[in-house]
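Let me begin by presenting the structure, written as structure tokens, before commenting on it.
Since the model is a prediction, treat every value here as computed from it, not as a measurement.
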Amino acid sequence: MATAEQKQEGQHRDSSDFVITQTFDAPRELVFQSWVEPERLAQWWGPVGFELSVLALDLQPGGVFHYGMRADNGYEMWGKFTYQQIEAPEKIVSILSFADKHGNAVQHPVSDTWPLESFNTMTLTEENGKTTMTLRSTPHKATDEQHETFKQGFESMKQGFKATFGQLAQYLARVQ
């Protein structure tokens, strides 16, 4: 059973939590900056083969990171993080959604039962110059069906995040 704190944060079903961890050969401060500075984010965030445009980045509780992604074939999509909590350089809590060009939350482009929003907590810990990043995501204000769809998407999300975090590792190696 979820704790009262988890329910307050939107993480009310432990079985619906998606968790992925990756260690980078880079200091925590640099990894954190790579998440919060537009020119850094544009170098690695998003699916492989997509070009990222940072449309807005307001790093404060209630602020947003609104971005667009464009594939080589011209396909475009947008997303948005709405920041809930920022503890530099160790933690970012946000609500993530697919979005339209104007930053309005929209349904997943290929799934009518995907949660409209997910509640994400990203933490960074450093040891011996290496940074371990843990991302925990759970459906936010979602129905039982949306929770189930989210759980069924774990393997796809794992593959997508591993590829994206691979781009982050390559970026970090270039800029150190």
**Study point:** Any donor-acceptor pair under 3.5 Å from Gln107 side chain to Ser111 backbone
**Key:** yes
Review point. Under a 4.5 Å side-chain heavy-atom rule over Ile, Leu, Val, Met, Phe, Trp and Tyr, are Leu116 and Phe65 clustered together?
Key: no
Point to revise | Approximate separation, where rounding is to 0.5 Å, of Thr164 OG1 and Gln22 CD | key: 10.0 Å
Point to revise | Any Lys91 side-chain heavy atom under 4.5 Å of Met122 side chain | key: no
Check your understanding: Taking atom OG of Ser118 and atom CZ of Arg136, what is their separation to the nearest 0.5 Å?
Key -> 13.0 Å
Check your understanding: Under 3.5 Å, side chain of Arg28 to main-chain N/O of Thr125, donor-acceptor pair present?
Key -> no
Check your understanding: Once you round to the nearest 0.5 Å, how far does CG of Leu135 lie from CZ of Phe161?
Key -> 5.0 Å
Practice item. Examine distances only and state if a side-chain atom of Gln176 and a backbone atom of Asp25 form a donor-acceptor pair shorter than 3.5 Å. Key: yes
Check your understanding: Under the 3.5 angstrom rule, does the side chain of Thr82 hit a backbone N or O of Val64 as a donor-acceptor pair?
Key -> no
Check your understanding: What heavy-atom pair brings Lys80 and Ala105 nearest, and what distance separates the two atoms?
Key -> NZ-N, 4.4 Å
Point to revise | Closest approach of Thr131 to Pro27 (non-hydrogen atoms, all atoms of both residues) | key: OG1-C, 3.1 Å
**Study point:** Short N-O contact, Arg70 and Glu51, less than 4.0 angstrom
**Key:** no
Check your understanding: Would a line drawn from the ring center of Phe98 to the ring center of Trp78 be shorter than 6.0 Å?
Key -> no
Practice item. Indicate, with yes or no, if the rings of Trp45 and Phe50 have centres closer together than 6.0 Å. Key: no
Revision key, fill the gap. Rounded to the nearest 0.5 Å, the OG atom of Ser97 sits from the NE2 atom of His108 at a distance of 12.0 Å
Point to revise | Parallel, tilted or perpendicular: ring planes of Tyr83 versus Phe81, cut at 30 and 60 degrees | key: parallel
Study note, to complete from the structure: Value for CD (Gln43) from CG (Leu172), rounded to nearest 0.5 Å, stands at 11.5 Å
**Study point:** Donor-acceptor contact below 3.5 Å, side chain Lys130 vs main chain Phe24
**Key:** no
Practice item. Return the orientation label for the Trp35 and Trp44 ring planes: parallel under 30°, perpendicular over 60°, tilted otherwise. Key: perpendicular
Exercise for review: Can you see which heavy atom on His66 is nearest to which on Asp100, and at what distance?
Suggested key: NE2-O, 3.0 Å
Point to revise | Exam field: side chain Thr121 to backbone Val93, donor-acceptor pair closer than 3.5 Å | key: no
Practice item. Check whether any side-chain N or O of Gln167 sits under 3.5 Å from a backbone N or O of Gly46 as a donor-acceptor pair, and report yes or no. Key: yes
Check your understanding: Would a 4.5 Å heavy-atom cut-off, applied to side chains only, mark His140 and Pro115 as touching?
Key -> no
Practice item. Ignoring hydrogens and angles, tell me if any N or O in the side chain of Gln146 forms a donor-acceptor pair with the backbone of Thr143 under 3.5 Å. Key: yes
Point to revise | From OG1 (Thr113) to CD (Gln152), nearest 0.5 Å | key: 7.5 Å
Check your understanding: So do Glu90 and Thr123 actually touch side chain to side chain, heavy atoms under 4.5 Å?
Key -> no
